[in-house]
K.L.:
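Mind looking over this structure? Questions follow.
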There are 2 protein chains.
Amino acid sequence: MEKRQATIKDVAVAAGVSFKTVSRVLNQEPNVRQELQDRVRAAAAALGYVPNIAARDLAGGRSFLIGLMFDNPSEAYIGQAQTGAITRCRETGHLLIVEPLDSADDTQRTLDSILSHLRVDGLILTPPVCDNPMVLEAIERAGVRYVRIGPDRDLDRAPFVAMDDVAAACDLTRHLLDLGHRDIGFIKGHPDHGATSRRLEGFLRAMTEAGLTVAPERIQPGAFSFESGMEAAETLLSGPSRPTAIFASNDDMALGVMSAASRAGFSVPGDLSVAGFDDSPAAQMAWPQLTTIRQPVAAMSAAAVDMLVEARAPGRVREPIANRWLGYQLIARGSTAPPKRP
Amino acid sequence: MEKRQATIKDVAVAAGVSFKTVSRVLNQEPNVRQELQDRVRAAAAALGYVPNIAARDLAGGRSFLIGLMFDNPSEAYIGQAQTGAITRCRETGHLLIVEPLDSADDTQRTLDSILSHLRVDGLILTPPVCDNPMVLEAIERAGVRYVRIGPDRDLDRAPFVAMDDVAAACDLTRHLLDLGHRDIGFIKGHPDHGATSRRLEGFLRAMTEAGLTVAPERIQPGAFSFESGMEAAETLLSGPSRPTAIFASNDDMALGVMSAASRAGFSVPGDLSVAGFDDSPAAQMAWPQLTTIRQPVAAMSAAAVDMLVEARAPGRVREPIANRWLGYQLIARGSTAPPKRP
DNA sequence: ATGAAAGCGCTAACAC
DNA sequence: GTGTTAGCGCTTTCAT
């Protein structure tokens, strides 16, 4: 059988101080002499002391639990989000609770029930739940603090961590420019999504910075679907002159572009370079593989944990959490190459 | 701001009893008159009372946290396991904690650290961590109760929930027999895996029950890999007489069989029926789609939660947890059909 | 069958 | 700077 876990009092006795001083050291509160801090830490280490979460919760109102709420069709995305969150949680002494939501049964009652039993210091929401009004309302009603990952709407409603879509689109466009492309088509995303305008903005900025102007017909509407990418590509490739590269606002549309291109007799990347966005699993299955932008999912959820934990640090006033914009990763693969005719 | 959460005392006042009686009702302890039970429950419901987990933990030593530890390459498997576990956790008032392990950094120190901070009522282990000796030792050292899902080795070491491989293999064989097959080849799995012999046993049992004898050359070795399936199929299909169906001990090998068959000029299922095991994602992507056995992953993790929760029910002596064998699902798809020549 | 008292391990106010 | 005194909300004794 196990020996009884050491408590804060055991540490206090071993260090020759009052147990309150131990508490101060553990919580990094000010007003403890360096010498005592060292003694306390040494004693804690020697005893293998681990604070009792339940007691800290009961007395201090902090559960040291972080919740991850999701309702995402992509298992891979969830896996990355969990990994990133748990890694940071371990560093901060928190535990990660998962709360998968099944859009089917998410009645208001179910949500309220889940939330009333949930006792976390903060909740992380991934897309698309992070944009679900009913969920957000339930969480706010329950008075739980939350951080959204890559939200699409209502950016002022709550703190979030997101990828810098503008910079990423800018960078991806520069990749095409560096390859030698000058005439680049762009396919917009679904108009309801916030990312749509940000990606367009990044594209235009890079083009402008390169001293290029973009003809209006080079910018086609899309809807983030394979079909919409195909249709847009047909339009872009049918005119009297055609672009040497197409930047689709996501991978699904980029795949549609590749399909339309091959049907029209153009080879990728020989006759046409194609770039996507998201690095979805399909991006690697396509042939040639898609050049795209990968979201830093693990880093985003890790950052979300940080934001939540910091917001509840001892002696912290309840001030608003600042949003964070994280870097992305440009994945250059086979679907982009220098244009044949300069 | 939120109103203060109702406590057990509020419920007691509302119900006109002592708060200890409320505690008894909530914990389903004996010795409370039915009338009082009803009154307490009504009061609790009216106040929207939810027990404080931290307080229960501190006083009673139960955290109402269940941990799910995994290190599994298959995101889909993990997703199902999580869904099944969380569903049951919600019913029992528990929270689910995830502990992904990264085989790379699982030093003994890391494991001990993780486990010392983990404060759960029980741990669920999925394959392959559930067969990792270092992990099991660390958990036992930490004195944490655990249940394994689909373990492969050391079945007596700790309670587990598993699929009945023998029955499933038996059933899948019967499916082939019912289709009219009499000469069936079998490809064994990797010799190190416990499932290997169980699946063979099920196959042989069904054949025997059908009054058939199996020639030794109809049973080929394999290693659960695509290549080993291919090689085994080449052997099975090259002899003077060939089976009309092949039962591979997992999907990867079944896919190898299909590949070898088409290379040898046999069509599936026209000339040869092929059955696999596992219902891996690839089983649906193949053409024709694979007839196979699906493991009840979600049901298994739900059962694991049950076993853990029941073991800690109030007034429960610490008696051993009984293992559970769960049903499987036979997924009949296009790769199996009646034989051409009877 | 019910209630009263004690205390789980810690943090939050206060003292000194 | 450091220690003391109260609880947090519940379960556990132990009375009755």
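Since the structure is predicted, the reported quantities are computational estimates derived from the model, not experimental observations. Values below: every heavy atom of this structure, side chains too, minus hydrogens, waters and symmetry copies. Chain naming here is simple, since letters A, B, ... match the order of the sequence lines and numbering starts at 1 in each.
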K.L.:
Mind checking what makes side-chain hydrogen bond (donor to acceptor under 3.5 Å, both in side chains) contact with A:Tyr328, not counting sequence neighbours?
P.N.:
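For A:Tyr328 the side-chain hydrogen bond (donor to acceptor under 3.5 Å, both in side chains) partners, ignoring immediate neighbours, are A:Asp171.
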K.L.:
Within this structure, what is the CG-to-P distance between A:Asn27 and C:dC10, rounded to whole angstrom?
P.N.:
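Nearest whole value for this atom pair: 10 Å.
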K.L.:
Test salt bridge (Lys or Arg N to Asp or Glu O under 4.0 Å) on B:Arg62 and B:Asp57 and set out the steps.
P.N.:
CA-CA 5 Å; B:Arg62 300 165 64 201; B:Asp57 186 357; over 6 Å; no
K.L.:
Among residues two or more places apart or on two chains, list those pairs meeting side-chain hydrogen bond (donor to acceptor under 3.5 Å, both in side chains) that have a residue in residues 36-47 of chain B.
P.N.:
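Sorted pair list: B:Gln34-B:Asp38, B:Glu35-B:Arg39, B:Gln37-B:Arg41.
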K.L.:
Output side-chain donor-acceptor pairs under 3.5 Å for residues 95-102 of chain A, partner residues at least two apart or in another chain, one line each.
P.N.:
from: A:Glu99; atom 1: OE1; to: B:Arg90; atom 2: NE; distance (Å): 3.2
from: A:Glu99; atom 1: OE1; to: B:Arg90; atom 2: NH2; distance (Å): 2.5
from: A:Asp102; atom 1: OD1; to: A:Ala104; atom 2: N; distance (Å): 3.2

K.L.:
Within the distance-only criterion (no hydrogens, no angle test), does the side chain of B:Asp154 pair as donor or acceptor with the backbone N or O of B:Arg157 below 3.5 angstrom?
P.N.:
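No, B:Asp154 side chain to B:Arg157 backbone: no donor-acceptor pair under 3.5 Å.
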K.L.:
Checking A:Arg324 now: which residues fulfil salt bridge (Lys or Arg N to Asp or Glu O under 4.0 Å) with it, not counting sequence neighbours?
P.N.:
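For A:Arg324, the residues satisfying salt bridge (Lys or Arg N to Asp or Glu O under 4.0 Å) (neighbours in sequence not counted) are A:Asp306, A:Glu310.
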K.L.:
Taking DNA chain D as the partner, which of residues 39-58 of chain A come within under 4.0 angstrom of it by heavy atom?
P.N.:
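Hits under 4.0 Å, by residue number: A:Leu58.
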K.L.:
Just to verify, what does B:Pro51 make a side-chain contact (heavy atoms from CB on, under 4.5 Å) with, not counting sequence neighbours?
P.N.:
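For B:Pro51, the residues satisfying side-chain contact (heavy atoms from CB on, under 4.5 Å) (neighbours in sequence not counted) are B:Tyr49, B:Arg56.
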K.L.:
Represent DNA chain D in dot-bracket notation, 5' to 3'. Only Watson-Crick or G-U wobble pairs with both distances under 3.5 Å count; pseudoknot-style crossings use [ ] and interstrand partners use |.
P.N.:
||||.|||||||||||
K.L.:
I'd like the 5' and 3' limits of the part of DNA chain D contacted by chain A, with heavy-atom contacts below 4.0 Å.
P.N.:
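Span of nucleotides near chain A: D:dG1 to D:dG9.
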K.L.:
For A:His94, enumerate each residue passing the side-chain hydrogen bond (donor to acceptor under 3.5 Å, both in side chains) test, keeping only those at least two apart in sequence or located in another chain.
P.N.:
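By the side-chain hydrogen bond (donor to acceptor under 3.5 Å, both in side chains) rule, A:His94 matches no residue at all.
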K.L.:
Quick one: list whatever passes side-chain hydrogen bond (donor to acceptor under 3.5 Å, both in side chains) with A:Thr126, sequence neighbours left out.
P.N.:
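Checked A:Thr126 against side-chain hydrogen bond (donor to acceptor under 3.5 Å, both in side chains); zero matches.
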K.L.:
Cut-off 3.5 Å, side chains only: do B:Tyr77 and B:Gln295 have a donor facing an acceptor?
P.N.:
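Judged by distance alone, the side chains do not pair up.
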K.L.:
Look for any protein N or O under 3.5 Å of an N or O in nucleotides 1-3 of chain C and output each such pair with its distance, or none.
P.N.:
from: C:dA1; atom 1: OP2; to: B:Asn31; atom 2: OD1; distance (Å): 2.7
from: C:dT2; atom 1: OP1; to: B:Arg33; atom 2: NH1; distance (Å): 2.9
from: C:dT2; atom 1: OP2; to: B:Arg33; atom 2: N; distance (Å): 2.7
from: C:dT2; atom 1: O4; to: B:Arg24; atom 2: NH2; distance (Å): 3.3
from: C:dG3; atom 1: OP2; to: B:Ser18; atom 2: N; distance (Å): 3.0
from: C:dG3; atom 1: OP2; to: B:Ser18; atom 2: OG; distance (Å): 3.0
from: C:dG3; atom 1: OP2; to: B:Thr21; atom 2: OG1; distance (Å): 2.6
from: C:dG3; atom 1: N7; to: B:Arg24; atom 2: NH1; distance (Å): 3.4
from: C:dG3; atom 1: O6; to: B:Arg24; atom 2: NH2; distance (Å): 2.7

K.L.:
List in chain and number order the residues that pass side-chain hydrogen bond (donor to acceptor under 3.5 Å, both in side chains) with A:Glu91, two or more places apart in sequence or in another chain; answer none if no residue qualifies.
P.N.:
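So A:Glu91 forms a side-chain hydrogen bond (donor to acceptor under 3.5 Å, both in side chains) with A:Arg88.
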K.L.:
B:Thr21 side chain to B:Val17 main-chain N or O, any donor-acceptor pair under 3.5 Å?
P.N.:
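Pair absent, no side-chain N/O of B:Thr21 close to backbone of B:Val17.
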